[in-house]
Amino acid sequence: MITLRQLRYLQALSETEHFGRAAGRVGVTQPALSAQIRELEEQLGLDLVERLSSGARLTGFGKEVVERAASVLAEVRAIESLSERYRGPLSGEMRLGIIPSVGPYLLPRLLPFMKKNLPELKLRLRETITETLMRELLDDRLDCIIISLPTGEPRLEAAPLFDDPFYLAVAADSPLGRKQAADMAALEDVEMILLEEGHCLRDQILSFCRIPPDTEQLSVTNLATIIELVETGGGVSLLPALFTSSNGLESRRVRLLPFAEPAPKRQIGLAWRASHPGAAQFRELAAQIAGWHAGLSESLVSATG
């Protein structure tokens, strides 16, 4: 008889195309995963996987099996979520995705709070760009995601967590570094440093600065590299407060200039499928995070005031 374990393992192999990485994703050893896949092939009488020296690739039959298994596994997850909701609020396993321009700067502060206040909630974290998170959320490979709002996707429900204002990062010894506030008009003749394509933060900054998307810009892979380039006079950039408050920039040769109101900002929120049976849990989680962040912001203001 086909088991849910076999289908989960096959789905993981489909997503990773590598036995070792698939085993790591589902938390078993590679031989254990391989044995289950082989047993499923024997039960069905056909090969599901083409085994390559560099990894694994599903056969045409294997792809069809995974496609049909996705709906089965989604229903199983729905049953599990339903039981978690009846056992109590914010308990059980939750697959949470988060974007790279938020994860490294929010999670080190947030996770200790959640561990203390939501001890029954077990998180499985996934960090990648918005487009991938949205796709995996809609495919039921994630339960909820922390991204910039709005989602632009009618099948999702979302709740705001906090606003994240932007600062203009400039070299301290540059002409802009002598200013007290940022002026959008002054950015027309400077080199703007952005994250590479695929990051929603890039698109937001282009929109704020009214820069056409096809304009050639210096692009890098992470926010830390942007700071390095700004510091050495390679250009300027807009940086979210979530990042700047987490990186000790006061010791760097970088100035952070505030914008006059209405200042550019992004809204960070929690999103989930509107049809998910655990929607009540996600709303409660969003309220918990929003309340925690509001308290954290007040503490930071008091400490610097």
Undergrad: For Pro264 versus Leu238, what's the shortest heavy-atom pair and its separation?
TA: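 Closest approach of Pro264 to Leu238: CG-CD2, 4.4 Å.
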
Undergrad: Holding to side-chain contact (heavy atoms from CB on, under 4.5 Å), I want the full list of residues that pass it with Asn117, two or more places apart in sequence or in another chain.
TA: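 Phe113.
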
Undergrad: Could you state the interatomic distance from CD (Glu39) to OG1 (Thr3), rounded to the nearest 0.5 Å?
TA: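 Interatomic distance, Glu39 CD to Thr3 OG1, rounded to 0.5 Å: 7.0 Å.
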
Undergrad: Do the side chain of Glu196 and the main chain of Thr221 share a donor and acceptor less than 3.5 angstrom apart?
TA: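 No, Glu196 side chain to Thr221 backbone: no donor-acceptor pair under 3.5 Å.
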
Undergrad: Test your reading of the model: is there a side-chain donor-acceptor pair from Thr244 to the backbone of Ala241, 3.5 Å cut-off?
TA: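 Yes, Thr244 side chain to Ala241 backbone: donor-acceptor pair under 3.5 Å.
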
Undergrad: Under 4.5 Å between side-chain heavy atoms, chaining through other members, with only Ile, Leu, Val, Met, Phe, Trp and Tyr counted: pull out the rest of the cluster around Val28, sorted by chain and number.
TA: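 Listed partners: Ile2, Leu4, Leu7, Tyr9, Leu10, Leu13, Phe19, Val26, Leu33, Ile37, Leu40, Leu44, Leu46, Leu48, Val49, Leu58, Phe61, Val65, Val66, Val72, Leu73, Val76.
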
Undergrad: What pairs with Gln288 under side chain to side chain donor-acceptor pair (under 3.5 Å), at least two apart in sequence or on another chain?
TA: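 Once residues adjacent in sequence are excluded, the partners of Gln288 under the side chain to side chain donor-acceptor pair (under 3.5 Å) criterion are Glu284.
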
Undergrad: Show me the pairs that pass ring-ring contact (aromatic ring centres under 6.0 Å, His included) and involve residues 147-166, at least two apart or across chains.
TA: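 Checked against ring-ring contact (aromatic ring centres under 6.0 Å, His included) - neighbours excluded - the pairs reaching residues 147-166 are Phe162-His293, Phe166-Phe208.
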
Undergrad: Mind listing the closest non-hydrogen atom pair of Ser237 and Ile226 along with its distance?
TA: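 Looking at all heavy atoms of both residues, the closest pair is CB-CG2, 3.5 Å.
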
Undergrad: Please report the C-alpha distance between Leu125 and Ile98 in whole Å, then the side-chain angles of each, then the deciding distance to 0.1 Å, and finally whether the side chain to side chain contact (heavy atoms under 4.5 Å, CB included) criterion is met.
TA: CA-CA 8 Å; Leu125 297 173; Ile98 191 165; 5.6 Å; no

Undergrad: For a side chain to side chain contact (heavy atoms under 4.5 Å, CB included) check, start with the C-alpha distance between Leu239 and Val230, then their side-chain angles and the critical distance, and finish with the verdict.
TA: CA-CA 11 Å; Leu239 295 176; Val230 169; over 6 Å; no

Undergrad: Verify side chain to side chain contact (heavy atoms under 4.5 Å, CB included) between Glu153 and Leu138, making sure each step is shown before the conclusion.
TA: CA-CA 10 Å; Glu153 171 52 65; Leu138 291 170; 4.0 Å; yes

Undergrad: CG/Leu285 to CH2/Trp272 distance, rounded to the nearest 0.5 angstrom?
TA: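 That separation rounds to 8.5 Å.
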
Undergrad: To the nearest 0.5 Å, what is the distance between CG on Leu133 and OG1 on Thr151?
TA: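 The distance works out to 12.5 Å.
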
Undergrad: Can you see which heavy atom on Lys265 is nearest to which on Asp163, and at what distance?
TA: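 For Lys265 and Asp163, the tightest heavy-atom pair comes out as NZ-OD2, 3.2 Å.
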
Undergrad: For Arg124, give me all partners under salt bridge (Lys or Arg N to Asp or Glu O under 4.0 Å), at least two apart in sequence or on another chain.
TA: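 Arg124: salt bridge (Lys or Arg N to Asp or Glu O under 4.0 Å) contacts with Glu93.
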
Undergrad: Please go through Ile129's hydrophobic cluster and name the other residues, only I, L, V, M, F, W, Y counting, with side-chain heavy atoms under 4.5 Å joining them.
TA: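 So far as hydrophobic clustering goes, Ile129 is joined with none.
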
Undergrad: According to side-chain contact (heavy atoms from CB on, under 4.5 Å), who are the partners of Pro104, at least two apart in sequence or on a separate chain?
TA: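 Listed in chain order: Glu127.
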
Undergrad: Atom CG in Leu107, atom CD1 in Ile146: separation rounded to 0.5 Å?
TA: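 One gets 6.5 Å once the value is rounded to the nearest 0.5 Å.
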
Undergrad: Sequence neighbours left out, what passes side-chain contact (heavy atoms from CB on, under 4.5 Å) with Asn222? Give chain and number order.
TA: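 Applying side-chain contact (heavy atoms from CB on, under 4.5 Å) to Asn222 gives Ala224, Thr225.
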
Undergrad: Applying side-chain hydrogen bond (donor to acceptor under 3.5 Å, both in side chains), which residue pairs with at least one partner in residues 128-137 are found, sequence neighbours left out?
TA: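 For residues 128-137, and leaving out neighbouring residues, the side-chain hydrogen bond (donor to acceptor under 3.5 Å, both in side chains) pairs sorted by first residue read Arg126-Glu136.
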
Undergrad: Under the side-chain hydrogen bond (donor to acceptor under 3.5 Å, both in side chains) rule, what pairs show up with a residue in residues 50-64, not counting sequence neighbours?
TA: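 Applying side-chain hydrogen bond (donor to acceptor under 3.5 Å, both in side chains) to every pair that reaches into residues 50-64, excluding sequence neighbours, yields Glu41-Arg51, Glu50-Arg57.
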
Undergrad: Just verifying a value: how many Å separate Ile99 CD1 and Leu201 CG, rounded to the nearest 0.5 Å?
TA: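 If we round to the nearest 0.5 Å, Ile99:CD1 and Leu201:CG are 7.5 Å apart.
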
Undergrad: Could you check whether any side-chain N or O of Asp164 sits under 3.5 Å from a backbone N or O of Leu242, counting only pairs where one atom can act as donor and the other as acceptor?
TA: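 Indeed, once roles are kept as given, a pair shorter than 3.5 Å links the two residues.
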
Undergrad: Minimum heavy-atom separation for Arg255 to Lys179, with atom names?
TA: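 For Arg255 and Lys179, the tightest heavy-atom pair comes out as NH1-O, 2.6 Å.
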
Undergrad: Quick check: does any side chain N or O of Arg155 sit under 3.5 Å from a backbone N or O of Ser275, one acting as donor and the other as acceptor?
TA: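 No, the answer is negative, given that no donor and acceptor are paired below the 3.5 Å cut-off.
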
Undergrad: Where do Pro112 and Pro108 come nearest, in terms of heavy atoms and distance?
TA: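 Shortest heavy-atom separation between Pro112 and Pro108 comes out as CD-O, 3.3 Å.
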
Undergrad: Just jot down the salt bridge (Lys or Arg N to Asp or Glu O under 4.0 Å) partners of Glu228, sequence neighbours excluded, or say none.
TA: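 Partners of Glu228 under the salt bridge (Lys or Arg N to Asp or Glu O under 4.0 Å) test: Arg252.
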
Undergrad: Using side-chain heavy atoms (C-beta onward) and a distance below 4.5 Å, is Leu195 in contact with Ile205?
TA: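 No, their side chains stay 4.5 Å or more apart.
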
Undergrad: Got a second to check how far Ser101's OG is from His199's NE2, nearest 0.5 Å?
TA: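 Reported to 0.5 Å precision, the distance equals 8.0 Å.
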
Undergrad: Is it the case that the side chain of Thr16 and the backbone of Ala12 share a donor-acceptor pair, with hydrogens and angles ignored and the cut-off at 3.5 Å?
TA: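 Yes, the answer is positive, given that a donor and an acceptor are paired below the 3.5 Å cut-off.
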
Undergrad: Under the side-chain contact (heavy atoms from CB on, under 4.5 Å) rule, collect the residues that match up with Pro150, sequence neighbours excluded.
TA: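 Checked Pro150 against side-chain contact (heavy atoms from CB on, under 4.5 Å); zero matches.
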
Undergrad: Count the heavy atoms belonging to other residues, nucleotides or ligands that lie under 6.0 Å from CD of Glu67, then report whether that count exceeds 12.
TA: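 Result for CD/Glu67: open.
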
Undergrad: Which residue is it: Arg266, Met134, Gln267? I am looking for the one with a side-chain contact (heavy atoms from CB on, under 4.5 Å) to Ile147.
TA: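 That would be Met134.
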
Undergrad: How about Arg283: does its CZ atom have over 12 heavy atoms from other parts shown lying under 6.0 Å from it?
TA: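 Enclosed: over 12 neighbouring heavy atoms sit under 6.0 Å from CZ of Arg283.
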
